[in-house]
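Remarks on the structure that follows.
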Amino acid sequence: MKTAYVLNGPNLNLLGTREPAVYGAATLADVQAMCEAAAAQHGLALVFRQSNHEGELVDWIHEAGRLHAQGQLAGLIINAGAYTHTSVALHDAIKGTGVTCIELHISNVFAREAFRHHSYISPVARAVMCGFGVNGYPQALEALAGMQG
Ligand code: DQA
């Protein structure tokens, strides 16, 4: 059984209370439960984490990269939050490990402020999803399960 990583960046621990008009009412625990159900449905083991610290996210991408090197990783879904728009380190970690990456955003970042329109993740992602609300998470897991390599 291959493993899917779902990594969440800064402020996503506040889901449920943070700008509910933008991000909805579901908490991160709700999102984790949705991901666990989707992973089980698609025959994937799941690692689901959140951090407010860029370096910790880099370390977890490296961890996923080691599984990738062993042929045990289905891929990585990352909602990097605001680091999406700032982090060369996350870009380099994804590129350097060669993991299959889906970039995910709950909101439609292109319908929001201009500073959210640029992503350091997109050029190193296999696919980009945004604007599906928290339903994007199980949808991304389904998509990952259907991807080859
Ligand atoms: C987000 C969009 C980002 O611009 C923002 O900084 C977030 C959440 C989203 O899921 O829509 O923290 O990644």
Side-chain angles (χ1 to χ4, degrees), residues 1-15 22-24 26-112 115-149:
M1 181 186 279
K2 289 194 176 184
T3 299
Y5 269 61
V6 178
L7 299 183
N8 295 279
N11 300 306
L12 290 161
N13 54 311
L14 299 180
L15 278 183
V22 176
Y23 297 113
T27 64
L28 193 64
D30 295 332
V31 175
Q32 180 166 0
M34 292 164 76
C35 287
E36 279 165 2
Q41 192 184 339
H42 298 292
L44 297 169
L46 179 73
V47 172
F48 185 98
R49 296 190 190 141
Q50 186 273 333
S51 179
N52 294 321
H53 304 278
E54 188 176 14
E56 191 161 38
L57 293 164
V58 170
D59 287 343
W60 290 342
I61 294 168
H62 292 179
E63 188 181 287
R66 288 191 285 277
L67 278 189
H68 173 68
Q70 295 162 9
Q72 293 171 8
L73 185 79
L76 168 80
I77 296 161
I78 186 163
N79 183 348
Y83 289 143
T84 304
H85 318 298
T86 64
S87 181
V88 177
L90 290 180
H91 171 108
D92 285 350
I94 294 163
K95 193 172 187 179
T97 55
V99 296
T100 300
C101 173
I102 298 180
E103 175 184 352
L104 173 75
H105 302 285
I106 296 166
S107 64
N108 177 359
V109 286
F110 299 104
R112 302 180 63 194
F115 65 82
R116 297 184 202 278
H117 297 179
H118 177 264
S119 167
Y120 282 97
I121 310 291
S122 298
V124 289
R126 172 78 70 91
V128 181
M129 293 176 65
C130 74
F132 293 95
V134 295
N135 289 329
Y137 283 82
Q139 289 165 4
L141 278 163
E142 182 179 358
L144 203 56
M147 282 178 182
Q148 298 298 313

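The distance from atom CG of L15 to atom CD1 of I106, rounded to the nearest 0.5 Å, is 4.5 Å. Distance CG/N79 to OG1/T84: 6.0 Å, rounded to 0.5 Å. One finds the CD atom of Q139 at 11.0 Å from the CD1 atom of I102 (value rounded to the nearest 0.5 Å). The distance from the CZ atom of F48 to the CG atom of L7 is 9.5 Å, given to the nearest 0.5 Å. Considering CD of Q50 and CG of L12, their distance stands at 6.5 Å, rounded to 0.5 Å. Atom NE2 of H68 is separated from atom OG1 of T100 by 6.0 Å, given to the nearest 0.5 angstrom.
Applying the side chain to side chain contact (heavy atoms under 4.5 Å, CB included) criterion to A26, with sequence neighbours excluded, gives D30, V134. Scanning for side chain to side chain contact (heavy atoms under 4.5 Å, CB included) contacts around E142 gives H42, with sequence neighbours left out. By the side chain to side chain contact (heavy atoms under 4.5 Å, CB included) test, L104 is found to be paired with I77, M129, Y137, residues two or more places apart in sequence or in another chain being considered. By the side chain to side chain contact (heavy atoms under 4.5 Å, CB included) test, A33 is found to be paired with no residue, residues two or more places apart in sequence or in another chain being considered. Scanning for ring pair (Phe, Tyr, Trp, His ring centres under 6.0 Å) contacts around H62 gives an empty result, with sequence neighbours left out.
Side-chain atoms of H105 and R112, non-hydrogen and from C-beta on, never get closer than 4.5 Å to each other. Residues C101 and I121 are in side-chain contact: their nearest non-hydrogen atoms beyond the backbone lie under 4.5 Å apart. The side-chain heavy atoms of I61 and I78, taken from C-beta on, include a pair separated by under 4.5 Å. Side-chain contact check for L73 versus Y5: some heavy-atom pair is nearer than 4.5 Å. Within the 4.5 Å cutoff, the side chain of N135 has heavy atoms near those of the M34 side chain.
Annotation for L44 and A145: closest pair CD1-CB, 4.1 Å, computed over non-hydrogen atoms. Residues A93 and V58 come closest through the heavy atom pair CB-CG1, 4.2 Å. Between A38 and P138 the shortest heavy-atom distance is CB-CB, 3.8 Å. Closest heavy-atom contact between G9 and L57: CA-CD1, 3.9 Å. Scanning both residues, A80 and P10, for their nearest heavy atoms gives O-CD, 3.5 Å. In plain terms, the two heavy atoms of A4 and L141 that are nearest each other are CB-CD2, 3.7 Å.
A donor-acceptor pair is defined here as one N or O able to donate and one able to accept, closer than 3.5 Å; no such pair exists between the side chain of N11 and the backbone of N52.
Sorted by first then second residue, the side chain to side chain donor-acceptor pair (under 3.5 Å) pairs that include residues 85-96, not counting sequence neighbours, are E54-S87.
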query = Checking side-chain contact (heavy atoms from CB on, under 4.5 Å) for the pair V6/V47: CA distance, chi angles, key distance, verdict?
reply = CA-CA 6 Å; V6 178; V47 172; over 6 Å; no
inquiry  = For a side-chain contact (heavy atoms from CB on, under 4.5 Å) check, start with the C-alpha distance between K2 and L67, then their side-chain angles and the critical distance, and finish with the verdict.
reply    = CA-CA 9 Å; K2 289 194 176 184; L67 278 189; over 6 Å; no
